[in-house]
Protein chains: 2
Amino acid sequence: MSNHPVTYQLEKKEKHTGARLGKITTPHGTFETPMFMPVGTLATVKTMAPEELEEMGAGIILSNTYHLWLRPGADIVEEAGGLHSFMNWDKGILTDSGGFQVFSLAHMRKIEEEGVHFRSHLDGSKLFLSPEKAINVQNKLGPDIMMSFDECPPFDESYDYTKKSVERTSRWAERGLKAHQNPDTQGLFGIVQGGGFEDLRKQSAKDLTSLDFAGYSIGGLSVGEPKEEMYRVLDFTTPLLPEDKPRYLMGVGTPDALIEGVMRGVDMFDCVLPTRIARNGTTMTSKGRLVVKNAAYAKDFRPLDENCNCYTCRNYTRAYIRHLIKSEETFGLRLTSYHNLYFLLDLMKKVRQAIREDNLLEFKESFFEEYGYNKPNAKNF
Amino acid sequence: MSNHPVTYQLEKKEKHTGARLGKITTPHGTFETPMFMPVGTLATVKTMAPEELEEMGAGIILSNTYHLWLRPGADIVEEAGGLHSFMNWDKGILTDSGGFQVFSLAHMRKIEEEGVHFRSHLDGSKLFLSPEKAINVQNKLGPDIMMSFDECPPFDESYDYTKKSVERTSRWAERGLKAHQNPDTQGLFGIVQGGGFEDLRKQSAKDLTSLDFAGYSIGGLSVGEPKEEMYRVLDFTTPLLPEDKPRYLMGVGTPDALIEGVMRGVDMFDCVLPTRIARNGTTMTSKGRLVVKNAAYAKDFRPLDENCNCYTCRNYTRAYIRHLIKSEETFGLRLTSYHNLYFLLDLMKKVRQAIREDNLLEFKESFFEEYGYNKPNAKNF
């Protein structure tokens, strides 16, 4: 096994759940886990400045390989000195493989052993992404953590297809590992697939853990399946992964799923949810979802969340934020984006504290009660 | 004469021009003049946070009475504790009278002695604004500096109409002064009109200076007339205004007109130009206009302005900003808005220094040369 530039240090396992407290060290600093990673698709976390992300406690963010490959192009980012320098962010950056976007955004895709032919969602131009190309692009982008190119089939895909896909993803992972040009400065993760099938997840994990990856991602979840299904898959998947490496559950960012994921041994999460709903005037608070653009808040001079200590909640009222969003003022989206990201980063901080104190189950119960997850038909995420 | 809550202190007159260096004190702090005021139409300077405005040296901003009256409504702002509290800005705020917007934005207006009937530009609803109403709204909004309700006819309006309009604006000014409920905490300015006619400007200034206003605005300029016309009018208008009160030239924000205005004795300026062009990917630099969204900057890793020390120029490249703007990312507009506002605030700082050193003419010459104003057919603002 080589010395990876991204390492995991286990600090403590929670007594009553599978949760683990730890630290991940990257060439751009160390962050505590479990951790939520804000998404900065195009080398910017929408509406936010890097200083604001640092202020709210983000130690790592995610950017999207597919999007950056199309705009501005990997060569420009490389010439700028890599993503960190390009976007003025000196903490951790993780990029995905582009695989998920090819399967969710691109048009007319055709999957072959060599890679995937498809058309750009921007201008329809013909593109080709292979395990080698995905690694090559990420080598140019220069994130601390890279992902292997994978196929992400729908959760309800057939067993036979999913099996073939898992086997191909394993072959792609091996090819990607060989293509990796910067193993000393960028950590490469393998992505475990297998849909809802326990034996396929087992096979995928076995294939990938036999290779020397810096960490392991769990893909193919949070793609529309019921949350119970996701938890069921996590129950048998995380135990398949090595204890001494980071585990990353891709695309998860609802408060309940973050906690449930942590309880099943996940260390890292990412999701566009907090920033996406923020731009629609919807916020997460300790009392559940609050749609601040609603007329009910026109004269409400309380902060978004009376229990929140973020920049937005310390300085601005629901009435002001509603006014800004109704008037299509950018600053309103900054304020809701800041709050939602802070809310999830702060939630993870509380989760880490609960692990430290071995009371994650009590914390979850109390959080769910306050947030409204226990109410029947609660309108939540 | 009463003790106004807004006062002007003359510090120095420049030796070779009409420029004056001074300080204006408001209930929310003192700022140096000449000063440029960023425009925050809807209680937000588009894309910017109050902390950023403070950081770049803004001591006062402008908000628009007409817009705030429509959204969110003066009562909500009043209930929030006034504009300062509503938008979390504890330095100076100036509001206009709504008059200019009624004449530039609203539909189907009908001017009577009592006031103006018109329809909202948002939903077509019938509205009525009078001198008393404009003051009443501003009393509720709570800015440090308020404007009298005025009529702002086109610059090329006939002499006869302009004369009638000036006389009405004087009567409106007197009514507004009487309607003012907070003379101890909000300073009210009169607005000198009169188009391009020297005797009408004289009449307007005489009428208004016979009333006890805290300061005087020069209206009806920068409304499409050639700059030379504006300078011609300023040449005979500012000498009509009292030396011991602030003089505010409304709606001016091109670098050349700011300097020319200062040279003619103006203390305060405002304009949407820096933030409006910023949102279109256009910036002001010491070398002139730079349209950063152009393809020429795709691989340009220099700052917007190599002579600028603002947050944007210290941390980001043209290539990154171009990428953000081409990708319609809000953060790009934050960066260009920050830079353009900083550029004008910094220009005024340099202008104040030049007044201090009695070399404003040399400063102007050198600035115009660098900026490109001396080039024939220069594409500038």
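The chains referred to below are lettered A, B, ... by the order of the sequence lines, with proteins before strands, and numbering in each begins at 1.
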Proximal component of [X], with respect to chain A [non-hydrogen, under 4.5 Å]:
X: B/Leu324; result: side chain
X: B/Leu70; result: neither
X: B/Tyr316; result: side chain
X: B/Glu52; result: side chain
X: B/Arg334; result: side chain

Separation between OG1 of B/Thr330 and CE of A/Met48, rounded to the nearest 0.5 Å | 9.5 Å

In Å, rounded to the nearest 0.5 Å, how long is the span from OG1 of A/Thr44 to CG of B/Leu335?
-> 8.0 Å

Can you confirm whether [X] sits close enough to [Y] that some side-chain heavy atom of one is under 4.5 Å from a side-chain heavy atom of the other?
X: A/Phe331; Y: B/Met87; result: no
X: A/Ser85; Y: B/Phe301; result: no
X: A/Asn88; Y: B/Tyr320; result: no
X: B/Leu68; Y: A/His323; result: yes

For B/Ser327 and A/Leu42, work out which heavy atoms get closest and say how close.
-> CB-CD1, 3.8 Å

Residue selection (most heavy-atom pairs with chain B, distance under 4.5 Å) from A/Lys299, A/Arg322, A/Glu79 |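 Answer, by heavy-atom pair count under 4.5 Å with chain B: A/Glu79.
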
